[in-house]
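As structure tokens, the structure follows; a few thoughts come after it.
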Amino acid sequence: MKVAVTGATGFVGSRLVERLQEDGHSVLVLTRNPERAKRVFPSSVSSGLEIVGYTPTKSGTWQQAISGCDGVVNLAGAPIADERWTPQRKQEILESRSTATQKLVEAIQNADSKPSVLVSASAVGYYGSSETALFDENSPSGRDFLANVCLAWEAAAQQVQEVGTRLVILRLGIVLGMGGALGKMLTPFKLFAGGPLGSGHQWFSWIHREDLVNLILFSLTNSSVEGVLNATAPNPVKMDQLCHALGEVLHRPSWLPVPDFALEMLLGDAAQVVLQGQQVVPKRTLSYNFNYQYPTVKPALEEILSSS
């Protein structure tokens, strides 16, 4: 296949590009920063890879590059919890997902030779937050900011079905790998100051990065897979359980909690990403007989930290 990837230089996208190439596919990288992409994917190891610069939220000549691709993977989006949610930042978070997806779908719709499949990211923030509810793919959406972002994001992707392109929407949990959210948690543990964020009672719906990449490849290559899939491991945990498992794997204590107010001082409203959670299960994903390599969190952490 020839596969176009947005968000290709990110934590998930960079590994996906590697795996696509390992499996013999050619890759079109759509990136805001071609020079950075060339550093991430040096030509010596990235044969069969094409880099095209684009402005995700604007129509342009980049859209012509989609014609002739067999599949598209849409992973682009501004980071959610890296800084305070000012009104400007909220708008950036929304537009980097919904408007960028609209422009990608526009490219697919206008392509002379249309991709047969779009695999588009969303997030478990779709469901809102709860300490008691259990969410699967058929659960209703929440009503907070992140839920509204996910609704707009998914609505933009759904327009691709008008031209007969198969659509798979993956609602991502927290992706665990060396880097990302886990990378930020490791430092206090290594300094013997690790512990749960906030109360520790909030749910943490997660997925190992390799399982997520496998699920994206599974969605690309299996024509029977369509609709919404929860991209989460089948065994979500509470924050204190995650931190306990992390402490055991690192042989470090995990009892020193980070209080709510400290995170709120640092991140403002964005702190709710880690202080609130949701218990999400991949009911439809499992119905397709997708095989998780890392269904439970401690072996997932052991694998990640042993390979670091």
Side-chain angles (χ1 to χ4, degrees), residues 1-43 45-57 62 65-66 69-82 92-93 95-101 103-105 107-108 115 117-124 149-150 153-154 156-157 167-184 206-221 229 231-232 304:
M1 296 176 72
K2 181 177 181 182
V3 182
V5 182
T6 72
T9 59
F11 179 56
V12 175
S14 56
R15 180 61 182 141
L16 173 65
V17 170
E18 285 180 7
R19 286 288 308 280
L20 283 165
Q21 292 189 295
E22 287 170 10
D23 291 352
H25 304 295
S26 57
V27 182
L28 168 68
V29 168
L30 291 171
T31 176
R32 291 175 302 156
N33 189 338
E35 291 307 312
R36 177 167 186 257
K38 288 173 186 174
R39 291 194 298 272
V40 174
F41 307 114
S43 57
V45 296
S46 297
S47 57
L49 183 137
E50 181 184 356
I51 295 171
V52 172
Y54 84 138
T55 302
T57 55
W62 66 266
I66 292 294
C69 290
D70 301 293
V72 179
V73 180
N74 181 29
L75 299 173
I80 293 285
D82 282 14
E92 185 181 354
I93 288 169
E95 288 186 359
S96 69
R97 288 165 172 77
S98 64
T99 308
T101 300
K103 295 302 176 184
L104 192 59
V105 166
I108 294 170
V117 56
L118 169 63
V119 179
S120 195
S122 181
V124 294
V149 167
C150 291
W153 197 2
E154 294 184 16
L167 175 65
V168 183
I169 291 175
L170 300 181
R171 290 181 183 150
L172 275 60
I174 304 295
V175 183
L176 296 184
M178 189 43 65
L182 183 61
K184 294 176 182 178
W206 61 279
I207 187 168
H208 191 293
R209 184 171 65 164
E210 288 301 307
D211 277 333
L212 175 55
V213 169
N214 285 335
L215 181 56
I216 294 169
L217 294 170
F218 181 83
S219 301
L220 276 173
T221 56
L229 302 181
T232 59
I304 292 163

### Query
Sequence neighbours excluded, which residues qualify as salt bridge (charged side-chain N to carboxylate O under 4.0 Å, His left out) partners of R171?
E154
Side-chain heavy-atom pair [X], [Y] within 4.5 angstrom cut-off:
{"X": "I174", "Y": "T232", "answer": "no"}
{"X": "L20", "Y": "V73", "answer": "no"}
{"X": "I80", "Y": "I93", "answer": "yes"}
{"X": "K103", "Y": "P56", "answer": "no"}

### Message
Taking N33's backbone N and O only, do any of them form a donor-acceptor pair with T31's side chain (distance below 3.5 Å, no angle check)?
### Response
yes
### Query
Would you say the side-chain atoms of T6 pair up with the backbone N or O of L75, donor to acceptor, closer than 3.5 Å?
yes
Grab the two heavy atoms, one from [X] and one from [Y], that are nearest each other, plus how far apart they are.
{"X": "C69", "Y": "A4", "answer": "SG-CB, 4.0 Å"}
{"X": "V168", "Y": "L170", "answer": "CG1-CD2, 3.8 Å"}
{"X": "V52", "Y": "A65", "answer": "CG2-CB, 4.3 Å"}
{"X": "V72", "Y": "P115", "answer": "CG2-CG, 3.8 Å"}
{"X": "S14", "Y": "R209", "answer": "OG-NH1, 4.5 Å"}
{"X": "T57", "Y": "E95", "answer": "CG2-O, 3.5 Å"}

Can you measure from [atom1] ([X]) to [atom2] ([Y]) and round to the nearest 0.5 angstrom?
{"X": "C150", "Y": "R97", "atom1": "SG", "atom2": "CZ", "result": "8.0 Å"}
{"X": "I51", "Y": "T9", "atom1": "CD1", "atom2": "OG1", "result": "9.5 Å"}
{"X": "L220", "Y": "L118", "atom1": "CG", "atom2": "CG", "result": "9.5 Å"}
{"X": "T101", "Y": "I108", "atom1": "OG1", "atom2": "CD1", "result": "9.5 Å"}
{"X": "I207", "Y": "L212", "atom1": "CD1", "atom2": "CG", "result": "5.0 Å"}
{"X": "L104", "Y": "N74", "atom1": "CG", "atom2": "CG", "result": "5.0 Å"}

### Message
Are there over 12 heavy-atom neighbours, none belonging to R15, within less than 6.0 Å of that residue's CZ?
### Response
yes
### Task
Assess whether atom CZ of R19 is packed by more than 12 heavy atoms of other residues, nucleotides or ligands within 6.0 Å.
yes
### Query
Do any pairs count as a salt bridge (charged side-chain N to carboxylate O under 4.0 Å, His left out) and have a residue in residues 69-80, sequence neighbours left out, and if so which ones?
none
### Message
List the residues meeting side chain to side chain contact (heavy atoms under 4.5 Å, CB included) with A107, not counting sequence neighbours, and say none if there are none.
### Response
W62, Q63, I66
### Task
Determine, step by step, whether V3 and L16 satisfy the side-chain contact (heavy atoms from CB on, under 4.5 Å) criterion, reporting the C-alpha distance in whole Å, the side-chain angles of both residues, the deciding distance to 0.1 Å, and the verdict.
CA-CA 11 Å; V3 182; L16 173 65; over 6 Å; no
